[in-house]
Amino acid sequence: VASYFLGGSCALYYILTEKRHILKNILAFVLFVFVIWASGSRTALICFAALLLLAAIYTIKTRGISKKILLPALLMGTLGIVYGIVKWETLITATRDFFTNRATLFSERGRFTLWSSNFQYLWHSGKLWFGLGQDQIAQLSYLRTAFHNTWLEWISGCGIVIGGFIDLWFFKVLIKTLAHLSAYARKLSILAPFTLS
């Protein structure tokens with residue numbers, strides 16, 4: 001899912017701001033939504049909801065609310081509320097099952113358990129500095145499973161030096177963009193999707 005977030009963010013941004021290539025951007029966004037849904041990732045769904053909220057705020061702040069967008073948005077919101085009221089119990093049960101009937105952070109197959117076990121393997125095998133190679137942690141670690149975290153996978157695959165550099169590079173882009181956003185006003189159409197992503 002992580003690899004699709006930039007493309008999905010760009011597609012959403014261009015759907016909201018440009019009329020050119022609208023069909024291409026809609027198709028890209030639909031693919032993005034499908035990948036998120038098919039992944040079953042709870043974090044991806046939460047990030048997607050945050051992306052939609054940020055995109056809506058950005059669009060309202062920069063372009064205002066046009067009648068072409070406001071009326072369909074109100075209609076969809078109203079239909080969503082009505083559906084939520086009618087199917088309240090079903091929605092609550094489905095949401096609870098989706099978020100709770102799976103591993104928790106500290107359970108036997110939870111994220112923190114995987115992270116600590118895999119880092120122990122990297123440390124004890126002496127591979128922390130230069131890594132094991134991409135996707136090898138899932139084959140070699142004690143629990144025989146990946147980190148399930150893109151940032152930590154780079155560290156396990158490339159080592160803490162190169163993998164850490166890759167992680168920091170992504171944070172540097174975000175921080176630099178946010179710090180200089182006012183200076184980049186003329187390039188906002190290029191930077192906004194990256195910042196949303």
Side-chain angles (χ1 to χ4, degrees), residues 1-88 90-95 97-99 102 134-135 146-151 153-154 157 166-167 169-197:
V1 174
S3 59
Y4 281 90
F5 252 93
L6 179 60
S9 299
C10 289
L12 176 60
Y13 175 79
Y14 291 125
I15 288 168
L16 296 172
T17 60
E18 289 190 9
K19 293 188 170 145
R20 295 179 306 137
H21 309 296
I22 191 77
L23 183 60
K24 176 183 81 170
N25 290 317
I26 289 172
L27 289 173
F29 188 71
V30 168
L31 175 64
F32 173 56
V33 172
F34 173 75
V35 168
I36 287 174
W37 185 259
S39 75
S41 169
R42 295 170 287 188
T43 304
L45 285 173
I46 292 168
C47 289
F48 179 66
L51 171 66
L52 291 179
L53 179 65
L54 289 172
I57 292 169
Y58 173 81
T59 304
I60 291 167
K61 287 276 194 187
T62 58
R63 300 174 60 107
I65 302 175
S66 72
K67 289 180 182 176
K68 289 180 183 178
I69 295 174
L70 182 60
L71 292 175
L74 286 174
L75 180 62
M76 287 177 61
T78 304
L79 289 174
I81 290 169
V82 169
Y83 181 79
I85 291 169
V86 171
K87 297 285 190 176
W88 179 253
T90 305
L91 289 172
I92 291 295
T93 302
T95 303
D97 290 348
F98 184 78
F99 282 96
R102 298 165 72 177
Q134 290 311 117
D135 199 37
F147 270 103
H148 291 288
N149 179 301
T150 304
W151 311 96
E153 288 289 339
W154 279 325
I166 294 169
D167 290 346
W169 184 83
F170 276 93
F171 282 110
K172 177 190 156 236
V173 170
L174 175 65
I175 292 166
K176 189 175 179 184
T177 301
L178 293 175
H180 296 81
L181 203 53
S182 59
Y184 291 150
R186 66 186 188 282
K187 297 181 182 175
L188 202 56
S189 63
I190 299 168
L191 293 171
F194 286 88
T195 306
L196 286 173
S197 178

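Because only heavy atoms are used, hydrogens play no part in the values below, and waters and symmetry mates are left out as well, while side chains stay in. Please read these numbers as outputs of a predicted model, since none were measured by experiment.
- Residues forming a side-chain contact (heavy atoms from CB on, under 4.5 Å) with Val30 (at least two apart in sequence, or on another chain): Ile26.
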Item to check | From CA spacing to verdict: side chain to side chain contact (heavy atoms under 4.5 Å, CB included), Tyr14, Ile22 | outcome: CA-CA 8 Å; Tyr14 291 125; Ile22 191 77; over 6 Å; no
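- Summarising the geometry of Ala11 relative to Phe29, their closest heavy-atom pair is CB-N, 3.9 Å, with the distance given to 0.1 Å.
- Side chains of Asn25 and Tyr13 form no contact here, defined as non-hydrogen atoms less than 4.5 Å apart.
- Using a distance-only test at 3.5 Å, with no hydrogens or angles considered, no donor-acceptor pair links the side chain of Glu153 to the main chain of Ala146.
- Checked against side-chain contact (heavy atoms from CB on, under 4.5 Å), Trp151 has the following partners two or more places apart in sequence or in another chain: Asn149, Trp154, Asp167, Phe170, Phe171.
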Next on the checklist: Under the criterion side chain to side chain contact (heavy atoms under 4.5 Å, CB included), I'd like the reasoning laid out for Leu27 against Phe32: C-alpha separation, chi angles, the key distance, then a yes or no.
Outcome noted: CA-CA 9 Å; Leu27 289 173; Phe32 173 56; over 6 Å; no
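- Rounded to the nearest 0.5 angstrom, Leu12 CG and Leu54 CG are separated by 10.0 Å.
- Cys10 contributes atom SG, which lies 11.0 Å from atom CD1 of Ile15 (distance to the nearest 0.5 angstrom).
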Item to check | side chain to side chain contact (heavy atoms under 4.5 Å, CB included) assessment of Val33 paired with Phe48 | outcome: CA-CA 8 Å; Val33 172; Phe48 179 66; 3.6 Å; yes
